[in-house]
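In the text below, chain A, chain B and the rest are named by the order of the sequence lines, each starting its count at 1.
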Amino acid sequence: MSMEQKAGTRLIVKDVSKTFYQKKIEPHHVVDKVSLEVKDNEFLVLLGPGHCGKTVLLNIVSGLMPPDEGSVYLDGEKITKPNPKIGMVFQKLGLMPWKTVIENVEIGPKLSGINVKTRRERAEYFIDLVGLKGFENSYPHQLSGGMKQRVGIARAYTNDPEILIMDEPFGQLDAQTRYNMQNEISRISEHEKRTIIFVTNNIEEALYLGDRIILFTECPARVKEIYDIDLKRPRDMIDPEFLRLRKMISNNTDLAL
Amino acid sequence: MNNNNLLKKGRRMGDLKYMILSVISVLTFLLIWQLLVIFGVLSTRTIAAPTQVLVTFFEKFYSTAPDGATIFTNIAVSLKVSLTGFFSAIIIGTPLGMLMGWYKPLDRFIRPLFEIIRPIPPIAWIPLTILWVGIGLGAKAMIIFFSAFVPCVINSYTGIKLTSQVHVSVAKTFGASNFKIFRTVGVPSSMPMAFAGIRIALGNSWGTLVAAELLAANAGLGYMIMMGRQFVRPDVIILGMLTIGILGFIFTWIFTKIENVVVRWRTL
Amino acid sequence: MKKTAAYDQKRRPIKKILNSLLPFVSITCLFLLWFYASNINPDLVPSPASTWERLIQLFVKPVNKMNLFGHVWASLQRVFIALACATVLGVTVGVMIGWSKTFKAIFGTLFELIRPIPPIAWLPIIIMWFGIGEFPKILIVFIGTFMPIVVNTYTGIRLVMPLHLDVARMFNASNRQLLFEVAIPSALPPIFAGIRNATSSGWMTVLAAEMIASKAGLGFLITRGMDYFDVPLILVGMLAIGIVGALLAIITEFIERLLCPWNKKLEQD
Ligand SMILES: Nc1ncnc2c1ncn2[C@@H]1O[C@H](COP(=O)(O)OP(=O)(O)O)[C@@H](O)[C@H]1O
Ligand SMILES: [Mg+2]
């Protein structure tokens with residue numbers, strides 16, 4: 001069941017494949033023999049075009065969906081079901097409309113049976129950290145897109161995961177908000193050191209945030225290239241080195257991203 | 001690959017399992033019912049065994065006891081009444097709702113009258129209708145009309161109100177007259193809603209029919225079960241209830257088919 | 001072009017006033033029609049005045065030892081008791097068949113087979129089983145209210161978003177928690193819509209039950225009016241039925257707003 005691993009490696013994805021079979025439709029091969037490693041405390045970015053199978057891969061990594069082939073190991077243990085050590089910010093958020101902001105944020109500790117006082121305190125802390133103080137008792141439908149995204153992030157942090165997966169968290173936002181949120185996530189991740197797996201289809205975003213970038217092919221998702229990004233932080237999007245890397249990755253992708 | 005096929009097969013086996021479970025559950029229900037009657041736990045004066053109901057069903061092909069008509073006559077009478085009321089409600093209610101939704105003055109004129117009628121359940125009209133019109137076909141059709149009229153109006157009204165303003169503006173730029181826009185844009189786009197209203201109307205009119213026939217009739221399925229009670233014939237009552245249920249089910253089924261054909265463009 | 005604009009501007013205020021008067025015009029027309037009809041045949045169509053008189057008289061000389069409020073309360077009581085039982089049982093059954101495939105196979109099919117029978121069609125056999133006391137009437141109303149609540153609860157549970165379940169699973173929720181923390185709360189709006197439908201269906205069913213066999217209630221009142229050829233009494237009864245029905249609808253919607261504040265659909269209305 002277990003697997004040997006190098007020091008400093010938290011998560012290993014080994015030869016994972018997934019195909020969907022549906023009635024009357026050709027089998028849809030979505031993830032193809034993906035292998036990758038996630039190091040402790042790194043900010044790893046998975047970069048790939050839309051509908052290439054990134055979300056499916058994440059669902060497999062998080063244990064929500066079984067792979068057809070291959071396996072995922074967390075600290076040497078095979079993942080077969082969701083693990084509280086892994087947190088997820090869902091692409092479509094999935095905030096519960098019947099819960100207020102704070103009730104949404106504290107859902108993780110609540111489900112693990114932590115008492116009201118403790119979990120409220122934790123939730124307050126992260127609501128404050130993502131800049132939503134004062135909106136604790138609002139309902140999600142009263143918030144803007146960027147604010148909802150912050151709730152999703154606070155919710156994942158409040159459960160105190162060791163590895164945090166963020167699935168295209170800023171995909172739905174307008175350019176300005178997106179830029180602000182990139183700064184925010186940069187700030188938050190400095191503040192609350194975690195291993196982060198961040199998914200995006202945007203090259204600038206990947207370069208702005210990532211310690212390492214794994215580039216995927218079009219559907220089915222396959223690892224195409226791995227880049228180590230050694231730019232100093234905070235990063236500057238018009239720094240010549242930044243632009244050089246951007247061009248290099250851009251030339252290597254199948255689609256104009 | 002293999003793995004997934006196995007999974008699929010597993011799911012199909014699961015479906016089969018649940019289907020078998022449903023069948024067993026229904027059969028068990030019928031069996032217990034039958035046994036309770038056979039062993040006299042339940043008196044035959046208050047309930048009839050499933051087999052007895054089946055026998056009565058065939059008997060009622062020609063027998064007119066206890067209500068004075070065969071089952072087919074009763075079905076025919078009920079159908080005639082309910083369809084008369086139902087179709088008049090569609091023919092009057094649906095266009096009325098659409099026109100009200102489109103033409104403001106008409107809306108303002110009719111709305112108050114409609115709001116007065118709306119909260120009164122159709123059944124409450126029965127005494128007044130009996131005094132005014134008697135207990136013939138007309139009276140019952142009128143009560144059923146009331147039950148079907150309200151949802152027809154409300155839904156086609158809402159459907160028209162939801163007409164996309166963009167489509168209307170496009171039609172306007174082509175210089176179409178207001179009535180033409182109503183006909184070519186408003187009416188078709190409100191069709192799905194109108195049909196949803198007619199579906200509610202269908203259920204209402206079938207339910208109200210029974211009430212009308214229980215209270216004021218000399219034939220029909222409702223009358224048949226009422227007579228079944230008077231002559232202590234539980235078999236006739238249960239047969240009547242089942243017939244009413246099955247016919248209601250068939251109507252809804254036919255209606256769904258028609259709806260699918262007429263509102264096909266909705267999915268396109 | 002310019003001319004029409006000016007023309008429109010001039011005409012618009014008048015048109016507006018006419019428009020705002022229309023509701024009053026239509027109500028007036030209704031009353032005129034009523035007066036006219038009551039002049040022609042006062043026996044079949046009593047005048048508004050005599051209807052009003054009958055209403056007053058109902059308090060002075062009660063029908064069957066109860067004034068109007070007594071009868072309203074008699075009907076309401078039956079609806080409330082039945083509705084309370086139907087809500088508890090209906091939500092439970094709906095949740096069970098929505099959540100568990102096994103329950104659905106066992107009870108869902110039986111329920112689907114019984115459902116097409118209109119609640120009123122149960123009247124004769126229930127009277128036969130239980131006589132004409134209070135219980136059979138409440139039972140009939142229960143059948144009328146139980147069905148919409150089960151159907152809506154079931155649908156609501158089936159329509160819970162898989163994403164919401166995934167979110168909770170991600171936080172290690174147990175099956176029980178998935179049901180009570182996610183599925184049931186997310187089904188609350190459809191459940192309330194079901195209770196709203198049930199209330200109006202129950203109000204109608206109680207009338208039917210009272211019209212067929214009862215000594216109290218609004219349904220009894222209007223059949224009494226019919227038996228004694230007391231048309232004003234029928235009109236008073238119908239009026240009360242309409243008003244109480246409308247109030248019930250308003251109250252259930254108010255409660256729904258209170259208990260489901262996140263329900264956007266209600267807010268937009
Ligand atoms: N549960 C599923 N059943 C069938 N097809 C799916 C399922 N989930 C995802 N897909 C398909 O897999 C492909 C990849 O989806 P996804 O992983 O969401 O892409 P993205 O890279 O944009 O996150 C899409 O074409 C999608 O339609
Ligand atoms: Mg995705």
Side-chain angles (χ1 to χ4, degrees), chain A residues 55-56 58-66 79-101 103-114 119 122-123 137-143 151-152 155-161 163-167, chain C residues 87 91 94-95 98-99 149 152-196 252-269:
Chain A
T55 300
V56 172
L58 294 183
N59 283 336
I60 293 170
V61 168
S62 62
L64 286 172
M65 189 189 272
I79 286 186
T80 52
K81 62 178 181 43
N83 185 320
K85 283 185 191 168
I86 301 180
M88 174 106 114
V89 179
F90 288 80
Q91 179 170 15
K92 290 186 182 132
L93 287 176
L95 300 183
M96 320 226 169
W98 60 91
K99 288 184 188 289
T100 58
V101 167
E103 285 166 351
N104 263 294
V105 170
E106 68 175 9
I107 186 172
K110 184 178 183 193
L111 290 177
S112 2
I114 288 168
R119 68 182 195 235
R122 285 193 60 75
N137 296 317
S138 306
Y139 283 97
H141 71 90
Q142 298 167 316
L143 305 180
V151 178
R155 177 176 69 185
Y157 269 108
T158 303
N159 201 41
D160 202 16
I163 297 176
L164 188 56
I165 300 177
M166 299 195 202
D167 190 2
Chain C
T87 305
V91 170
V95 166
W99 192 246
I149 294 180
N152 273 46
T153 308
Y154 168 78
T155 318
I157 295 280
R158 299 296 312 189
L159 288 183
V160 55
M161 274 173 66
L163 179 63
H164 287 147
L165 293 175
D166 270 353
V167 167
R169 271 196 206 108
M170 215 43 226
F171 292 120
N172 238 13
S174 64
N175 233 353
R176 210 188 134 79
Q177 282 175 323
L178 287 181
L179 178 61
F180 284 98
E181 281 289 318
V182 182
I184 292 179
S186 93
L188 277 181
I191 290 175
F192 271 106
I195 293 178
R196 209 150 19 105
T252 41
E253 197 174 320
F254 175 76
I255 294 176
E256 189 175 354
R257 257 171 225 261
L258 208 69
L259 295 181
C260 303
W262 68 89
N263 197 351
K264 246 196 285 183
K265 216 169 95 213
L266 282 177
E267 233 166 70
Q268 280 163 354
D269 281 351

Please report the C-alpha distance between C:F171 and A:K110 in whole Å, then the side-chain angles of each, then the deciding distance to 0.1 Å, and finally whether the side-chain contact (heavy atoms from CB on, under 4.5 Å) criterion is met. CA-CA 9 Å; C:F171 292 120; A:K110 184 178 183 193; over 6 Å; no

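The shortest non-hydrogen separation linking A:P97 to C:W262 is O-CB, 2.9 Å. The shortest non-hydrogen separation linking C:N172 to A:P84 is ND2-CD, 3.5 Å. Shortest non-hydrogen contact noted between A:L111 and C:Q177 is O-NE2, 2.7 Å.
With sequence neighbours excluded, the residues that form a side chain to side chain contact (heavy atoms under 4.5 Å, CB included) with A:S112 are A:N159. Every salt bridge (Lys or Arg N to Asp or Glu O under 4.0 Å) that A:R119 has, sequence neighbours left out, goes to A:E106. With sequence neighbours left out, the side chain to side chain contact (heavy atoms under 4.5 Å, CB included) criterion links A:A156 to A:V89, A:L164.
A:K99 has its side chain within reach of C:E181: a pair of non-hydrogen atoms, C-beta onward, lies under 4.5 Å apart. A:M88 places none of its side-chain heavy atoms less than 4.5 Å from the side chain of C:D166.
In this pair, C:H164 and A:W98 present their aromatic rings perpendicular. The plane angle is above 60°, beyond the 30 to 60° band.
Using a 4.5 Å cut-off between heavy atoms, C:M161 makes no contact with chain A at all.
The contact list for residues 186-195 of chain C toward chain A, using heavy atoms and a distance under 4.5 Å, reads C:S186 by residue number.
Taking chain C as the reference chain and counting heavy-atom pairs below 4.5 Å, the highest number among A:G87, A:P140, A:P161, A:G94 is found for A:G94. Chain A forms more heavy-atom pairs under 4.5 Å with one residue of C:A173, C:S174, C:P185 than with any other, namely C:P185.
Shown are A:N83, A:I86, A:I165, A:I107; of these, the side-chain contact (heavy atoms from CB on, under 4.5 Å) with C:M170 is made only by A:I86.
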